[in-house]
Amino acid sequence: MATQWDNSWIWHPEWIEKPASSSAGAFVHFRKFITLDVVPNDPVNIAITADTRYKLYVNSCLVHAGPVKGDTQMWFYDVVDIQPYLCTGRNHIAVHVLRFYYGSQFAASFPRTAYPGLYVRTEPLGAANETISFKLQGDESWETAIDPCIVLPTSSNFDFFLQIFEQVDGTKNNKLDWVAAKPYSFMVSHGLAAPWNLYPRMIPFPRLQPTNLTAVHNITSTESREVWDALLGYGSKGNSGILLPKGTTHHVEFGVDHHTTAYVTFRFARPSTSGSRIAVTWSEGYEDEPIKLPFDRNKGDRADTTKVIAGPKDDYIFGGFCLDEPLGYDDAEEDDEIFAPFHFRTFRYFAFDIEVAKDSDLVLKDISIVKTNYPIQVLASFPQVQVEVGDSTWFHQLWNVSVRTLENCMHDCYEDCPFFEQLQYAMDTRSSALFTYFISRDDRLAKQAIIQLHNSFQPALGLTASRAPSHHLQIISHFSLFWICMVTDHYEHFGDADFATQFLPVIEGVLDSFHRRVDQESALVRVSQFSGDWAFVDWTEAYHPMGVPPAGKETGFMTYTNQLYAYALQRLSGLELCLGRQSRSAEHAQRAESIARAVRAHCYDGTYFTDGLARLAESSHYSEHSQIWAVLCGAITGKDAVDLLSRSLASPRRGIEETRELTKPSIAMAFYTLRALSAAGDGVYEDRFHDFWEPWRKQLELNMTTWVEDYITQRSDCHAWGSLPLYEYAAEVVGLRPVMSGGGERVLMFKPRVCLFKVFEAKVPVEGSVDKPVVARVRWDREEGGATNLSIAWEGDENVKNGSLPFIHVHLPDREQETMKMLEDRSWRL
């Protein structure tokens with residue numbers, strides 16, 4: 001076999017990796033000029049990617065930023081049509097590449113290989129396109145220069161994870177040294193491969209939406225409020241700008257309507273001299289002076305402008321002079337000096353500090369903001385909601401904030417919190433994916449997440465990484481079980497057997513790692529002996545600072561581990577039954593039952609489940625978590641489960657209070673509290689539904705526009721695991737959700753909780769795809785005499801309607817179960 005080489009990647013020939021430097025990475029410019037006699041009429045598609053991130057410009061227009069975060073097993077490329085940006089004559093194509101150093105653990109959110117590189121081709125992966133008169137590919141015809149201006153500091157006490165914040169010295173722009181790019185030469189025959197295993201992106205391009213500054217606060221400036229107000233609304237475009245006299249300093253705090261993830265551009269008239277400086281401090285809300293950064297904060301009313309803005313910072317020093325050759329990143333580079341951070345910023349407020357040089361004025365022309373999010377299309381809605389007594393507006397407030405929180409945690413992957421980490425954790429992502437299914441029927445980001453977590457599997461440990469993709473491996477063995485649940489959830493909602501089946505070998509490997517830890521005497525899974533396994537459970541005060549129950553270390557067993565393991569086994573057993581794997585299903589069901597029996601035998605004191613062995617239990621070994629998961633894993637069922645939850649969780653209607661102080665779950669675990677209440681039945685879910693949202697309502701009183709990560713550290717004000725109203729409203733109140741039945745089939749269950757609202761109307765997608773959804777319209781109203789009129793009707797493509805779930809299992813109050821056809825419009829009087 002002839003030796004083959006891949007020469008399609010290029011890089012700067014004099015690049016040096018500096019993982020020990022004070023910067024997390026550096027930037028490299030690439031440019032190429034092409035001359036066209038005629039602009040092609042057909043699309044000019046180019047495949048492009050980079051290690052680590054890139055921005056593509058054609059004739060000073062930003063075309064696209066990418067790639068989607070990948071890893072060595074799947075490195076994503078984008079296919080972009082540049083035809084609309086081309087012109088006759090000379091065309092300038094420019095790429096700005098951010099390279100994070102490989103040998104550093106900084107910027108964990110951004111995986112990279114050992115090689116930096118840029119990949120560009122007009123023939124995506126060899127697909128011929130004979131209609132265009134030119135070709136773009138990585139070769140020596142590209143010019144490249146190392147960007148000397150930008151440093152990505154690693155020493156900020158606010159930035160432990162991202163390292164995307166910039167210190168820019170514009171005076172160094174005149175030091176660009178353009179040289180010919182150098183192609184790599186990787187042998188790709190004899191079983192060898194390039195460092196990047198290229199895959200087309202799996203998800204749609206982001207939604208980009210211009211938005212406006214809406215507030216200005218705490219001005220310390222020689223200029224009046226009226227002058228600064230000119231930047232609000234539509235900004236100062238078309239105006240002469242704000243003149244900031246030489247030698248002056250200014251402090252202004254700006255705000256937008258709500259928590260936002262956006263690209264921000266600060267545009268100034270190019271000053272006559274260098275030396276002016278700006279600093280931008282980004283914040284999710286106003287707060288008291290932090291106790292310890294970034295994890296121990298003191299927050300209250302997030303809109304209380306008498307408090308401080310605390311957060312990561314960007315710094316920019318003006319160069320003043322005009323480049324001999326513009327970079328081609330903006331069509332006004334000769335007249336304007338622009339600071340536009342490379343990566344999007346997360347904020348609701350930012351502090352803007354300006355020091356004007358002593359020898360030239362500075363003119364601020366504009367601050368532009370372009371929101372960026374995954375383009376989720378929300379199909380679920382609630383046109384009419386009325387409670388029996390009181391105001392119903394809270395319902396829609398919770399819904400709207402939940403949607404915004406989820407959206408701000410969705411970019412090129414699901415993110416735990418966009419302000420601090422932007423990492424895709426399995427526990428967090430399971431909830432986010434379920435929320436996405438119920439409001440949109442969009443599974444594209446979720447499928448990518450499931451694959452990426454699968455690809456993080458560590459054979460030596462038998463575990464997936466807790467988060468993926470990531471440059472820094474972290475193991476939380478519990479999160480491998482949540483990943484298994486993600487696979488079962490996807491099948492339950494979409495019935496894609498081929499997609500689910502591919503993950504079964506790794507699932508078996510994960511389960512085997514827990515099975516090997518089963519103690520022969522107690523039949524319980526022992527605490528992990530792997531020192532690198534973070535046994536995280538929840539962010540609660542009793543588990544502070546690491547979120548780990550002390551009972552595990554003190555008794556050698558953690559009840560939660562066993563309960564979650566049994567729960568995952570049950571979920572998997574249901575999937576395998578649907579896939580026709582009866583023997584494996586039976587084996588895993590038997591394992592789950594054995595673990596559940598052992599939990600009841602060794603972790604139950606007759607009144608409560610303890611966090612470890614009951615015979616060694618101390619007062620700190622009792623939590624609501626163990627009661628919740630006892631119900632979810634089947635360690636307690638029926639009336640006993642109802643009684644346990646009734647005495648464990650205060651019941652406002654029944655007046656039953658807990659008899660022992662139990663550790664309370666945080667927002668992270670609230671989803672599973674509600675799952676246990678729903679599973680127990682007998683009205684305990686309905687008892688607590690309205691009062692359950694009191695912590696969320698308190699957040700609204702604190703002027704929060706997204707849901708907080710946790711109440712203990714108050715680190716982040718945006719975390720999608722708090723968006724559980726999206727699930728509860730659709731799956732539990734409307735009551736439409738798919739389930740894997742004991743008969744080995746997917747079925748749609750309709751179990752509306754009509755007692756929760758006097759009048760209720762909803763639209764919820766329940767079947768089909770994001771492009772062709774089937775939407776159910778459910779409505780009920782209660783008459784004065786007590787009777788309730790309930791109806792269900794359908795919207796959607798006829799072909800999709802006759803899909804994989806032809807029947808609905810109907811569970812109505814005080815009635816026998818019945819079955820109806822999927823498309824059947826029905827009404828009942830209850």
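All residue numbers in this chain count up from 1 along the given sequence. Just so you know, these numbers come straight off a predicted model, no measurement behind them. Because only heavy atoms are used, hydrogens play no part in the values below, and waters and symmetry mates are left out as well, while side chains stay in.
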What's the verdict on ring-ring contact (aromatic ring centres under 6.0 Å, His included) for W11 and F30, showing C-alpha distance, side-chain angles and the deciding distance?
CA-CA 9 Å; W11 196 243; F30 290 86; 5.6 Å; yes
Verdict with reasoning, F266 to F352, per ring-ring contact (aromatic ring centres under 6.0 Å, His included):
CA-CA 10 Å; F266 301 91; F352 195 35; 5.1 Å; yes
Any cation-pi pair here, [X] with [Y], using under 6.0 Å and within 45°?
X	Y	result
K55	Y329	no
R31	W178	yes
R90	F33	yes

Indicate the ring-plane relationship of F350 and F254, choosing parallel, tilted or perpendicular according to the 30° and 60° boundaries.
tilted
Among H12, H96, H343, find the one that has a ring-ring contact (aromatic ring centres under 6.0 Å, His included) with F27.
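The option that passes is H96.
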Option among F161, Y102, F106, F110 that satisfies the ring-ring contact (aromatic ring centres under 6.0 Å, His included) test with H471
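The residue from F161, Y102, F106, F110 that satisfies ring-ring contact (aromatic ring centres under 6.0 Å, His included) with H471 turns out to be Y102.
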Ignoring hydrogens, what is the shortest heavy-atom contact between T88 and D37? Give both atom names and the distance.
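Minimum heavy-atom separation between T88 and D37: CG2-O, 3.6 Å.
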Under 3.5 Å donor-acceptor, N91 side chain and L86 backbone
no
Output yes when K307 and E287 qualify as a salt bridge under the 4.0 Å nitrogen-oxygen rule, no when they do not.
no
Please say whether more than 12 non-hydrogen atoms of neighbouring residues, nucleotides or ligands are located less than 6.0 Å from NZ in K299.
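Correct, the count exceeds 12.
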Tell me yes or no: between the side chains of T261 and H411, is some donor less than 3.5 Å from an acceptor?
yes
